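FYI, side chains are in, hydrogens and waters are out, and symmetry mates aren't considered; it's all heavy atoms of this structure. Note that this is a predicted model, so its numbers are computed, not measured.
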Amino acid sequence: MKTNEEFLSNLRSITLLIVEDTKEIREELAFFLESKVKILYAAQNGEEGLELYKKYKPDIVISDIRMPQLDGIKMCKEIKSYNKDAKIILTTAYNESNYFLEAIKIHINDYLIKPIDLNELFDILCELSKGIILEKFNHEVLNTLQQYKDIVDERSIVSKTDINGIITYVNRPFEEISGYKKEELIGKPHSIIRHKTMKSETFKDMWETILSKKSWHGVVKNRKKNGSYYIVDSIIKPILDVNGNIIEFIALRNDITELEESKEFFKYQNEKNISNLKESIRKEKLYREAVDKANIIIRLSRDMKFLYVNEAFCEISGYSKLELIGESYDKIRDKRISYDEYIKHVEEVRECLYRDDFYKGEITNQKKDGSLFFCKYMLFPIKDAKGEICEYLSIRHDITEIKSLHKELEDTQREIIYKLGEVGETRSKETGNHVKRVAEYSKLLAEKAGLNNEEINTLFTASPMHDIGKVGIPDTILNKPGKLDAKEWGVMQTHSEIGYNILKTSTRPILKAAAIISYTHHEKWDGSGYPRGLKGEDIHIFGRITAIADVFDALGSDRCYKKAWPLEDILLLVTKESGKHFDPNLVELFMTNLEEFLAIRDLYKD
């Protein structure tokens, strides 16, 4: 049984309007109720009461029936036309049946005879307030669940069938991926999209599972209307009525066609290169459970603390739910990123969510054991009934395996490029570490010069091929121990153009960059370089950076035609050639960060 304090707790959340033309009664009711409700409004006649109701929309109205100008019955009819669910208690000093019948017709909540028993009024108000609080709570629950459903419909490929497998509903993503219109699918068996390569055993297992009232989870290859295919990660869940009988099946899917095709591609590359409210809430819960099993899901508070994580997230992160709930999201932040950068990114995402309905991107997080995992994700703002963001919902897909395969492929490509770069260096009796040092110097200088990450990585990968054109230079010139004569020097200079001609027809970004570097790394800032005599910023930034990296390393290494220079002499030359051979801005960056360049030199000694 509820205590008075519990009843008062409900009542204190309620706003109340008293409409009474007798001043003494109005003041007595106000005195008794003012401290028990959240806000109390008082009116001395029906017209004033109606105006206050329309302005403030109080939860409960207590009104006298007989009043001048606009009586209580007429006022309540107006209020009911404005809000059919309005809660009304009528009071009267006259126990007349015609008023009572009128009150019944407009569906008032209670009817009290004056003098009013305040204890009876208190009990009525407590009971009404309990119902109002429950209605508000139910409205909030349904509002939140509807947002969850909307997110699912936007994010997932959804269909429903009856117990015989006949399609009763498909959403827009289902139409888009299958190529069928909704009208072409509703009423048809789900086998309309069955792909001929799918084994019948899979569907037998599927039906046996869902008919036993369990969820089925698996990968399915489907046929599009045009005959092509798509692959989905699917979960099918039976929806039960209150008696536990199956009434329909709901299926949620994520398109993993690219993922499956990428897996095959990278595998090949590696081998080659090495009803009512309760019923509605219950159905929505089943809907959400289906989403929960098919995705990695987290919910975050507005201050970025974990409110919920599902089992899939615990599995990928290595943390248990107890270790995450209530903790800051910073706990799984990629610690390679500074806290300031993390906060800046969080604010950018928040600003986006205030403008748009969701945020889409890729994210790197840190597991409990310190290793990293990678996800594609969509972040949705969950709003309360007032439209204010109250939490964030993140739906994710693990792409760690794809990232690893990409990195492995990039590493393989980089190794091949290093080997190609070493071809020229080996012919001129130079070590493979020269190209590695040039690559590392170039990467560091590009970072200091403010190039973006894509440009930095492209330069880092392509710069080892700066002298690939030496494959076309005769050994007698390439390895001549003494100084080259004018004719020999003219032949040697052609290696820039030879390298460019070897690479220029490639459509690959790395090889196109290598062609530019080969062609421009011997150009000089003052225009006295070769092969085209380019000047200043007409020389591609990749060529200007590689020029400093190549000269710095070449002068510090033994060659067939010279001994390594002392560091002091090298630095003197680099400084002297600022604005002549080299871009002066790059020279300043090089000298300012010299210690970092020397650390690279020491790490990759011959």
Side-chain angles (χ1 to χ4, degrees), residues 2-92 103 106-144 302 383-390:
K2 283 200 170 186
T3 65
N4 283 339
E5 186 56 40
E6 289 176 295
F7 282 123
L8 279 171
S9 176
N10 287 337
L11 202 51
R12 289 192 186 103
S13 301
I14 297 302
T15 56
L16 179 66
L17 170 62
I18 297 171
V19 187
E20 172 62 59
D21 61 326
T22 304
K23 181 180 178 182
E24 292 78 11
I25 298 175
R26 186 169 67 248
E27 290 179 348
E28 180 187 8
L29 288 175
F31 178 78
F32 175 68
L33 294 171
E34 191 166 21
S35 62
K36 297 178 176 62
V37 298
K38 183 178 180 180
I39 301 175
L40 186 139
Y41 306 102
Q44 58 187 350
N45 57 58
E47 287 186 349
E48 187 178 318
L50 182 59
E51 185 179 335
L52 284 172
Y53 186 87
K54 289 182 177 180
K55 184 175 181 180
Y56 296 109
K57 301 179 183 64
D59 297 306
I60 301 174
V61 178
I62 301 174
S63 176
D64 187 20
I65 291 181
R66 287 192 174 185
M67 290 183 294
Q69 298 177 13
L70 183 68
D71 67 35
I73 294 293
K74 291 178 180 178
M75 181 196 73
C76 290
K77 284 182 178 179
E78 288 285 336
I79 289 174
K80 283 287 188 177
S81 69
Y82 185 70
N83 176 14
K84 65 182 179 63
D85 296 319
K87 304 292 186 291
I88 299 173
I89 301 170
L90 285 178
T91 66
T92 181
I106 59 176
H107 304 291
I108 67 161
N109 297 86
D110 226 308
Y111 190 91
L112 293 176
I113 304 298
K114 294 179 181 179
I116 297 171
D117 183 336
L118 294 179
N119 287 327
E120 183 183 1
L121 175 61
F122 177 77
D123 290 340
I124 293 169
L125 288 174
C126 287
E127 190 63 31
L128 282 177
S129 65
K130 181 175 69 174
I132 291 168
I133 296 299
L134 182 59
E135 284 179 12
K136 287 182 177 179
F137 173 75
N138 289 339
H139 179 72
E140 287 290 337
V141 169
L142 286 175
N143 177 62
T144 301
R302 288 186 64 182
K383 300 177 180 179
D384 59 22
K386 296 179 181 178
E388 298 293 329
I389 296 174
C390 55

Could you tell me how the ring of Y82 sits relative to the ring of Y53: parallel (under 30°), tilted (30 to 60°) or perpendicular (over 60°)?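 Aromatic pair Y82/Y53 classed perpendicular.
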
Would you call [X] and [Y] a side-chain contact if the rule is heavy atoms closer than 4.5 Å?
{"X": "K383", "Y": "I389", "result": "yes"}
{"X": "I79", "Y": "I106", "result": "no"}
{"X": "E120", "Y": "L112", "result": "yes"}
{"X": "V61", "Y": "M75", "result": "yes"}

State the [atom1]-[atom2] distance between [X] and [Y], to the nearest 0.5 angstrom.
{"X": "I14", "Y": "I133", "atom1": "CD1", "atom2": "CD1", "answer": "4.5 Å"}
{"X": "I65", "Y": "I108", "atom1": "CD1", "atom2": "CD1", "answer": "7.0 Å"}
{"X": "K77", "Y": "I73", "atom1": "NZ", "atom2": "CD1", "answer": "7.5 Å"}
{"X": "L16", "Y": "D59", "atom1": "CG", "atom2": "CG", "answer": "9.0 Å"}
{"X": "F31", "Y": "L118", "atom1": "CZ", "atom2": "CG", "answer": "11.0 Å"}
{"X": "K57", "Y": "Y41", "atom1": "NZ", "atom2": "OH", "answer": "10.5 Å"}

Which heavy atom of [X] sits nearest a heavy atom of [Y], and at what distance?
{"X": "I18", "Y": "A30", "result": "CD1-N, 3.9 Å"}
{"X": "L52", "Y": "A43", "result": "CD1-CB, 3.8 Å"}
{"X": "I60", "Y": "S129", "result": "CD1-N, 4.5 Å"}
{"X": "G72", "Y": "L90", "result": "O-CD2, 4.4 Å"}
{"X": "D117", "Y": "N119", "result": "OD1-N, 3.0 Å"}
{"X": "A42", "Y": "L17", "result": "N-CD1, 4.3 Å"}

Given side-chain contact (heavy atoms from CB on, under 4.5 Å), test T91 with E20 step by step and report yes or no. CA-CA 9 Å; T91 66; E20 172 62 59; 4.2 Å; yes

When you look at I116 and E28, which way does the side-chain contact (heavy atoms from CB on, under 4.5 Å) test go after all the steps? CA-CA 10 Å; I116 297 171; E28 180 187 8; over 6 Å; no

Spell out, as yes or no, whether a donor-acceptor pair under 3.5 Å connects the side chain of N109 to the backbone of I88.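 Side chain of N109 to backbone of I88: a pair is present.
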
Please determine if R26 and D64 form a salt bridge, counting it only when a charged side-chain N lies under 4.0 Å from a carboxylate O.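 D64 and R26: not salt-bridged.
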
Evaluate L121 against I62 for side-chain contact (heavy atoms from CB on, under 4.5 Å), listing each step before the verdict. CA-CA 10 Å; L121 175 61; I62 301 174; 3.9 Å; yes

For E27, what residues pass the side chain to side chain contact (heavy atoms under 4.5 Å, CB included) criterion, not counting sequence neighbours?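 If we apply the side chain to side chain contact (heavy atoms under 4.5 Å, CB included) test to E27, skipping adjacent residues, the hits are K23.
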
Mind jotting down which residue pairs meet the salt bridge (Lys or Arg N to Asp or Glu O under 4.0 Å) criterion with at least one end in residues 80-92? Sequence neighbours excluded, please.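 Listed once each, the pairs are K87-E135.
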
Verdict with supporting geometry, T15 and V37, side-chain contact (heavy atoms from CB on, under 4.5 Å): CA-CA 6 Å; T15 56; V37 298; over 6 Å; no

